[in-house]
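See structure below.
Everything numeric in this text was worked out from a predicted model, so none of it was measured.
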Amino acid sequence: QQLSQAVQMGVPFSAAKQLTELIGRESDWRSNVKNPSSTAYGYGQFLKATREQYEKKMGLDYDNPVHQVVMTYQYAIDRYKSVSNALFFWDKNNYY
């Protein structure tokens with residue numbers, strides 16, 4: 001449901017399958033999961049600084065699971081140019 005709402009907010013449907021895979025790897029689709037050894041949190045496992053940067057940049061609230069999906073997509077685009085490239089990086093490094 002969060003993914004379909006994220007698509008309604010502008011995440012391309014064509015990226016949905018790969019975004020599902022990326023979020024599954026990062027958080028097992030648990031929007032409140034925390035990394036015990038860092039500030040990583042949520043679907044995209046955003047560090048605190050990344051979370052703050054993307055909340056400000058996008059005007060969204062990372063505590064909202066739908067917004068987490070949207071921000072995770074945008075982060076993958078900003079850093080890797082595509083979700084596919086983010087997954088390729090993840091395959092090599094076990095993170096993105």
Side-chain angles (χ1 to χ4, degrees):
Q1 182 176 354
Q2 283 102 5
L3 186 57
S4 63
Q5 290 177 13
V7 167
Q8 291 174 0
M9 290 183 68
V11 171
F13 181 76
S14 60
K17 183 176 180 181
Q18 291 177 325
L19 190 57
T20 297
E21 176 66 23
L22 182 64
I23 291 173
R25 291 181 187 187
E26 282 296 307
S27 63
D28 200 28
W29 278 92
R30 294 177 294 157
S31 64
N32 61 352
V33 69
K34 295 179 183 179
N35 183 319
S37 61
S38 76
T39 61
Y41 170 78
Y43 286 151
Q45 287 295 284
F46 277 25
L47 297 174
K48 184 178 182 204
T50 305
R51 172 188 175 152
E52 291 169 354
Q53 175 188 358
Y54 275 79
E55 284 180 326
K56 184 176 181 181
K57 172 183 179 169
M58 302 185 74
L60 299 176
D61 178 6
Y62 196 73
D63 287 329
N64 178 320
V66 175
H67 293 183
Q68 287 185 35
V69 175
V70 174
M71 287 188 249
T72 300
Y73 168 76
Q74 189 60 53
Y75 176 81
I77 295 303
D78 290 346
R79 182 160 181 184
Y80 301 101
K81 308 296 183 222
S82 72
V83 179
S84 177
N85 288 344
L87 284 168
F88 184 72
F89 184 92
W90 203 101
D91 287 342
K92 290 186 168 197
N93 300 282
N94 242 19
Y95 73 95
Y96 80 117

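Between Ser27 and Gly42, the shortest heavy-atom distance links the atoms CB-O, 3.3 Å. Closest approach of Asp61 to Arg51, counting heavy atoms only: OD1-NH2, 4.3 Å. Contact between Asn85 and Ser82 at its shortest, heavy atoms only, is N-OG, 2.9 Å. In this structure, Val70 and Ala6 approach most closely via the heavy-atom pair CG2-CB, 3.8 Å. Of all the heavy atoms in Leu47 and Ser38, the pair that sits closest is CD2-OG, 3.9 Å.
Note: Leu3 CG to Gln8 CD = 10.5 Å, rounded to the nearest 0.5 Å. A distance of 5.0 Å separates CG in Leu60 from NE2 in His67, rounded to the nearest 0.5 Å.
No side-chain heavy atom of Val33 sits less than 4.5 Å from a side-chain heavy atom of Asp28. Inter-residue side-chain proximity for Met71 and Glu55 is flagged as met; some heavy-atom pair is nearer than 4.5 Å. You'll find the side chain of Trp29 reaches within 4.5 Å of the side chain of Val69, heavy atoms only.
The backbone N or O of Tyr41 sits less than 3.5 Å from a side-chain atom of Tyr62, completing a donor-acceptor pair. In this structure, Gln68 contributes its side chain and Tyr43 its backbone to a donor-acceptor pair below 3.5 Å.
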If you apply the rule side chain to side chain contact (heavy atoms under 4.5 Å, CB included), what do you find for Thr72 with Tyr96, and how did you get there?
CA-CA 11 Å; Thr72 300; Tyr96 80 117; 3.6 Å; yes

Run Tyr95 and Gln45 through side-chain hydrogen bond (donor to acceptor under 3.5 Å, both in side chains) and show every step you take.
CA-CA 10 Å; Tyr95 73 95; Gln45 287 295 284; over 6 Å; no

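Hydrophobic clustering places Val66 together with Met58 (ILVMFWY residues linked when any side-chain heavy atoms are closer than 4.5 Å, directly or through intermediates). Under the 4.5 Å side-chain contact rule for hydrophobic residues, Tyr73 and Val7 do not share a cluster.
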Pair up each side-chain donor or acceptor in residues 9-21 with any protein partner under 3.5 Å, not counting sequence neighbours, and list the distances.
from: Thr20; atom 1: OG1; to: Ala16; atom 2: O; distance (Å): 2.8
from: Glu21; atom 1: OE2; to: Arg25; atom 2: NE; distance (Å): 2.7
from: Glu21; atom 1: OE2; to: Arg25; atom 2: NH2; distance (Å): 3.4

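In the displayed structure, Lys57 atom NZ is contacted under 6.0 Å by more than 12 heavy atoms of other residues, nucleotides or ligands.
For Glu26 and Trp90, the side-chain atoms include at least one donor-acceptor pair closer than 3.5 Å.
Under the 4.0 Å criterion applied to side-chain N and carboxylate O atoms, Glu52 and Lys56 are not assigned as salt-bridge partners.
Taking the six-membered ring where the residue is Trp, Phe46 and Tyr75 present tilted rings, their angle falling between 30° and 60°.
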